[in-house]
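One structure is given below, encoded as structure tokens.
Order of the sequence lines sets the chain letters (A, B, ...), proteins ahead of strands, with each chain counted from 1. Just so it is clear, the model here is predicted, and its values are computed rather than measured.
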Amino acid sequence: MGKKKITPREQDYAAWYQDVIRYGDLAEPAEVVKGCMVIKPHGYAIWEKIQAGLDKRFKETGHKNAYFPIFIPESFLKKEAEHVEGFSPELAVVTIGGGKELEERYVIRPTSETIIGHFFAKWIQSWRDLPLLINQWANVVRWELRTRMFLRTSEFLWQEGHTAHATHEEALEETLRMLEVYAEFAEGSMAMPVIRGVKTSAEKFAGAHKSYCIEAMMQNGYALQAGTSHDLGQNFGKAFDVKFQNAEKQLDYVWQTSWGVSTRLVGGLIMTHSDDNGLVLPPKLAPVHLAIVPIWRSDDQRAATLEAAERVASGARDAGLSVEVDLRDQSPGAKFFHWEQRGVPVRVEIGPRDVEAGTAVAKRRDTGDKETLPLDKIAPRAVELMDEIQRGLFAAAQQRMQDNTIVADSFDEVRAALKGATAERGGGKFVMAHIADDPEADQKIRSIKATVRCVPLEDKHGGGGKCIVTGKDVPARSIIAKAY
RNA sequence: CGGGGUGUAGCGCAGCCUGGUAGCGCGCCUGCUUUGGGAGCAGGAUGCCGGAGGUUCAAAUCCUCUCACCCCGACCA
């Protein structure tokens with residue numbers, strides 16, 4: 001008698017996505033604030049897991065956390081021509097402070113290259129000050145016209161790394177190192193396969209020399225830019241006069257990088273693994289690994305059941321799992337749905353029949369398989385299951401990406417492949433085609449509401465060829481797809 | 001900014017055309033019975049009908065203005 005039904009993916013993928021977030025208790029629209037969201041405790045717990053995993057990796061690669069102001073003098077944005085042009089349309093600007101019109105307006109940071117550039121200029125004098133490796137966890141604001149929870153909201157949470165180096169080689173190395181950190185995290189922890197690639201000029205970060213990305217494929221075949229890492233060249237160094245004296249006593253501008261991932265990753269996580277019953281979480285990012293649902297009739301049974309539940313719980317906690325024993329005054333069925341919709345990897349049921357037999361039932365979220373096991377085998381088995389689920393989710397996502405990637409050798413083939421694909425109905429694909437990085441080719445692809453996502457760093461599709469729009473020679477195929 | 005839509009109980013909605021002082025489902029509270037896939041029965045609480053003005057004996061309902069949010073297009077981690 002399911003009352004609260006999640007819209008099936010088949011019927012309307014976009015509605016399904018909203019439902020999964022709602023029933024999974026991850027977030028809700030801020031209603032009183034246009035385009036913003038409230039991240040609820042369960043959603044935030046997932047973000048905290050992401051933060052913890054990434055922060056550890058950032059520290060391991062030598063970065064230190066710092067914090068810069070949320071307000072940026074408007075003049076700073078204007079110092080880098082391409083940067084201001086790219087961000088102007090989506091800025092929120094503070095014009096009044098303390099009831100008085102401000103002398104200089106403040107932009108609420110859409111990203112922090114400029115203000116960090118200003119301080120880097122103060123902090124860096126010598127090659128001995130380099131490399132400077134900083135990361136900031138922060139919120140940023142981009143006034144979006146069209147928003148979707150987690151994927152695009154006017155305010156979002158993210159992390160932005162900012163580094164300065166003595167040479168371009170070093171900066172490029174850093175850019176690619178952090179791209180690899182993102183890719184490894186996405187695949188290893190989120191179980192979300194990604195393609196490492198280079199952005200085209202049109203998709204490049206405003207002000208960067210080159211932008212690299214990890215691109216993931218959602219269940220509807222849409223592409224999601226899951227992380228970016230930018231080689232900024234000396235663009236911001238020059239704009240903010242970030243100079244250092246090298247060992248040869250010469251003054252030079254620093255070479256910078258910046259890289260970021262955001263709460264958008266939560267959206268990617270949802271659209272990579274979840275199903276028609278709600279959220280599915282990879283164990284490495286699940287705030288709760290094991291939900292134990294005790295079932296009883298009489299008071300005697302209640303006591304015996306709870307005792308068994310606690311015993312299993314403490315065993316599982318000792319094995320390093322995060323466990324919830326559900327003691328709420330609700331029917332077992334209601335509890336099953338509750339944990340299922342929240343994506344808990346394994347649920348354990350312990351009822352009178354089990355207590356009698358000294359067993360419990362474990363059900364995995366991803367496949368729905370149930371096993372009945374002796375009480376003392378639950379914890380060790382749960383640990384194994386975490387590993388199996390983690391691998392299984394990644395393998396399934398990888399297979400899906402492979403199944404929905406095709407090769408095309410003409411514009412008509414690309415158009416045909418993406419025809420009818422929508423966020424609601426699905427049908428998206430990664431179409432691998434030769435396409436030149438120039439405005440004409442870019443416009444042509446945009447005319448079918450798709451974009452050139454990136455040129456993969458690893459060429460798995462047979463090298464160079466002629467651009468399907470301009471006929472120019474290009475060294476490798478790009479991914480063309482509809483994207484979030 | 002163009003096109004469309006919606007504001008009524010915590011949530012989802014009906015009522016509006018044809019004015020007469022607000023209702024349904026879910027949820028919530030209390031009690032009893034229940035509990036291996038969203039429990040049942042009984043009782044109960046909850047509204048400045050988005051805001052302002054107007055018409056009228058009387059406005060959720062008619063008129064004017066306004067605000068907010070949502071959806072569709074152009075920008076985007």
- Task: Identify whether any heavy atom of A:Arg328 sits under 4.0 Å from a base atom; if not, whether one sits that close to sugar-phosphate; answer base, sugar-phosphate or nothing.
- Result: nothing

Under 3.5 Å, which donor-acceptor pairs link side chains of residues 373-382 of chain A to any protein atom two or more places apart or in another chain?
| residue | atom | partner | partner atom | Å |
| --- | --- | --- | --- | --- |
| A:Arg381 | NE | A:Glu371 | OE1 | 3.0 |
| A:Arg381 | NE | A:Glu371 | OE2 | 3.3 |
| A:Arg381 | NH1 | A:Glu384 | OE1 | 2.7 |
| A:Arg381 | NH1 | A:Glu388 | OE2 | 3.0 |
| A:Arg381 | NH2 | A:Glu371 | OE2 | 2.9 |

- Not counting sequence neighbours, which residues clear salt bridge (charged side-chain N to carboxylate O under 4.0 Å, His left out) with A:Arg148? List them please. none

- Query: Can you name the salt bridge (charged side-chain N to carboxylate O under 4.0 Å, His left out) partners of A:Asp275, sequence neighbours left out?
  - Reply: A:Arg365

- A correct 5'-to-3' footprint of nucleotides 68-75 of chain B, with B, S and - meaning base, sugar-phosphate only and no protein heavy atom under 4.0 Å, is -S--SSBB

- Can you tell me if A:Asp12 and A:Tyr17 form a side-chain donor-acceptor pair at under 3.5 Å? no

- Item | A:Glu307: partners by side-chain contact (heavy atoms from CB on, under 4.5 Å), with sequence neighbours left out | A:Arg311

- Message: Below 4.0 angstrom, which residues in residues 258-274 of chain A have at least one non-hydrogen atom near RNA chain B?
- Response: A:Ser262, A:Arg264

Would you mind writing out the side-chain donor-acceptor pairs for residues 182-189 of chain A within the sub-3.5 Å range, not counting sequence neighbours?
| residue | atom | partner | partner atom | Å |
| --- | --- | --- | --- | --- |
| A:Tyr182 | OH | A:Gln159 | OE1 | 2.9 |
| A:Tyr182 | OH | A:Gln159 | NE2 | 3.2 |
| A:Tyr182 | OH | A:Trp259 | O | 3.4 |
| A:Tyr182 | OH | A:Gly260 | N | 3.0 |
| A:Glu184 | OE1 | A:Arg57 | NE | 2.8 |
| A:Glu184 | OE1 | A:Arg57 | NH2 | 3.4 |
| A:Glu187 | OE2 | A:Val194 | N | 3.0 |

- Note on the structure: Applying salt bridge (charged side-chain N to carboxylate O under 4.0 Å, His left out) to A:Arg142 and not counting sequence neighbours gives none

- Message: If the condition is salt bridge (charged side-chain N to carboxylate O under 4.0 Å, His left out), which residues does A:Asp55 pass it with, not counting sequence neighbours?
- Response: A:Lys59

- Task: Using the side-chain hydrogen bond (donor to acceptor under 3.5 Å, both in side chains) rule, collect all pairs that involve residues 206-216 of chain A, keeping only residues at least two apart or in two chains.
- Result: A:Lys199-A:Glu215, A:Ser211-A:His230, A:Glu215-A:Arg453

- What residues form a side-chain contact (heavy atoms from CB on, under 4.5 Å) with A:Ile70, not counting sequence neighbours? A:Tyr67, A:Ile108, A:Arg109, A:Asn139

- Query: What parts of residues 282-306 of chain A reach RNA chain B, counting only heavy atoms under 4.0 Å away?
  - Reply: A:Ile295, A:Trp296, A:Arg297

